[in-house]
Amino acid sequence: ALHDLRPPDPPLDVTNLRNVRPLPLLFAAFTMVLAIGTVAHVSASVVRRRGSELAVLRSLGMTGGGIRAALGWQATTLSVIGLMVGVPIGVALGRVSWRVVADHTPLVFSPPLAMVALVLAAPVTILLANVIATYPGWRASRLRPAEQLRHE
């Protein structure tokens, strides 16, 4: 008689975990799209809602480059605050979630830590925020103070 030398099938819980493996990446992508939309909306809103304040700054001598830099710093500040809040909360929730999953399946808990993602998160986020703020900054630098202040 021949013996079956194949390894045993993995438990059903482990198979189910393989099926949901892309969910954390999809959640990360969704969160990134929300963050990009937020930075774009805030940057565009500044030009629309604060046009008169930008016009006053221009009439007091602020250059177009200064206006662009102000919007860049706004985007940088927004992204740094988001990183300071989001990264620790994300790491903590990720560890707790994985602990719950590992406790309910035949797996050994080892705390996950994606070092590459953590190292790249800050520079990529700040760079992307400044790229997004480039067009609204260019638009704001092209505003004519006289036209903006006439509506006041």
Side-chain angles (χ1 to χ4, degrees), residues 5-58 60-143 145 148:
L5 298 177
R6 291 181 302 145
D9 291 332
L12 185 59
D13 290 337
V14 174
T15 304
N16 289 338
L17 275 176
R18 283 191 190 122
N19 293 338
V20 297
R21 178 176 258 161
L23 288 180
L25 292 175
L26 290 173
F27 180 69
F30 175 72
T31 305
M32 192 167 54
V33 168
L34 283 177
I36 289 169
T38 301
V39 171
H41 175 70
V42 167
S43 296
S45 294
V46 166
V47 178
R48 207 173 339 109
R49 293 184 180 165
R50 303 288 183 201
S52 59
E53 285 92 345
L54 295 172
V56 168
L57 290 172
R58 286 296 302 264
L60 290 174
M62 188 175 230
T63 63
I67 297 287
R68 287 190 300 275
L71 282 174
W73 278 108
Q74 177 183 337
T76 300
T77 302
L78 186 62
S79 61
V80 167
I81 290 170
L83 285 166
M84 288 172 54
V85 172
V87 169
I89 289 174
V91 168
L93 285 177
R95 283 177 179 246
V96 168
S97 303
W98 183 242
R99 168 67 96 183
V100 169
V101 169
D103 287 347
H104 288 88
T105 56
L107 297 172
V108 175
F109 175 73
S110 69
L113 187 61
M115 284 306 290
V116 173
L118 288 176
V119 168
L120 291 177
V124 168
T125 301
I126 292 169
L127 177 68
L128 190 58
N130 280 282
V131 167
I132 291 169
T134 300
Y135 178 70
W138 176 79
R139 267 191 52 215
S141 70
R142 310 250 320 149
L143 292 176
Q148 281 297 125

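Both backbone and side-chain heavy atoms feed into the values below; hydrogens, waters and symmetry mates do not. The structure presented is a predicted model; accordingly, all values stated were derived computationally and were not measured. All residue numbers in this chain count up from 1 along the given sequence.
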Taking the side chain as every heavy atom from C-beta outward, state whether Leu143 and Arg58 have any pair of such atoms under 4.5 Å apart. no
Just so I know, are the side chains of Val91 and Arg95 near enough to count as touching, which here means a heavy-atom distance under 4.5 Å? yes
Compile the donor-acceptor pairs under 3.5 Å between side chains in residues 22-34 and protein atoms, sequence neighbours left out, one pair per line.
{"residue": "Thr31", "atom": "OG1", "partner": "Phe27", "partner atom": "O", "Å": "2.8"}

With a cut-off of 3.5 Å and sequence neighbours excluded, list every side-chain donor-acceptor pair involving residues 126-136.
{"residue": "Asn130", "atom": "OD1", "partner": "Thr76", "partner atom": "OG1", "Å": "3.4"}
{"residue": "Asn130", "atom": "ND2", "partner": "Thr76", "partner atom": "OG1", "Å": "2.9"}
{"residue": "Asn130", "atom": "ND2", "partner": "Ile126", "partner atom": "O", "Å": "2.8"}
{"residue": "Thr134", "atom": "OG1", "partner": "Asn130", "partner atom": "O", "Å": "2.9"}
{"residue": "Thr134", "atom": "OG1", "partner": "Val131", "partner atom": "O", "Å": "3.2"}

Measure the spacing between CG of Leu78 and CD of Gln74 and express it to the nearest 0.5 Å. 7.0 Å
Value for CG (Leu83) from OG1 (Thr125), rounded to nearest 0.5 Å, stands at 4.5 Å
Is it the case that atom CZ in Arg142 sees more than 12 heavy atoms from other parts of the structure closer than 6.0 Å? no
With a cut-off of 3.5 Å and sequence neighbours excluded, list every side-chain donor-acceptor pair involving residues 64-71.
{"residue": "Arg68", "atom": "NH1", "partner": "Ser141", "partner atom": "OG", "Å": "3.2"}

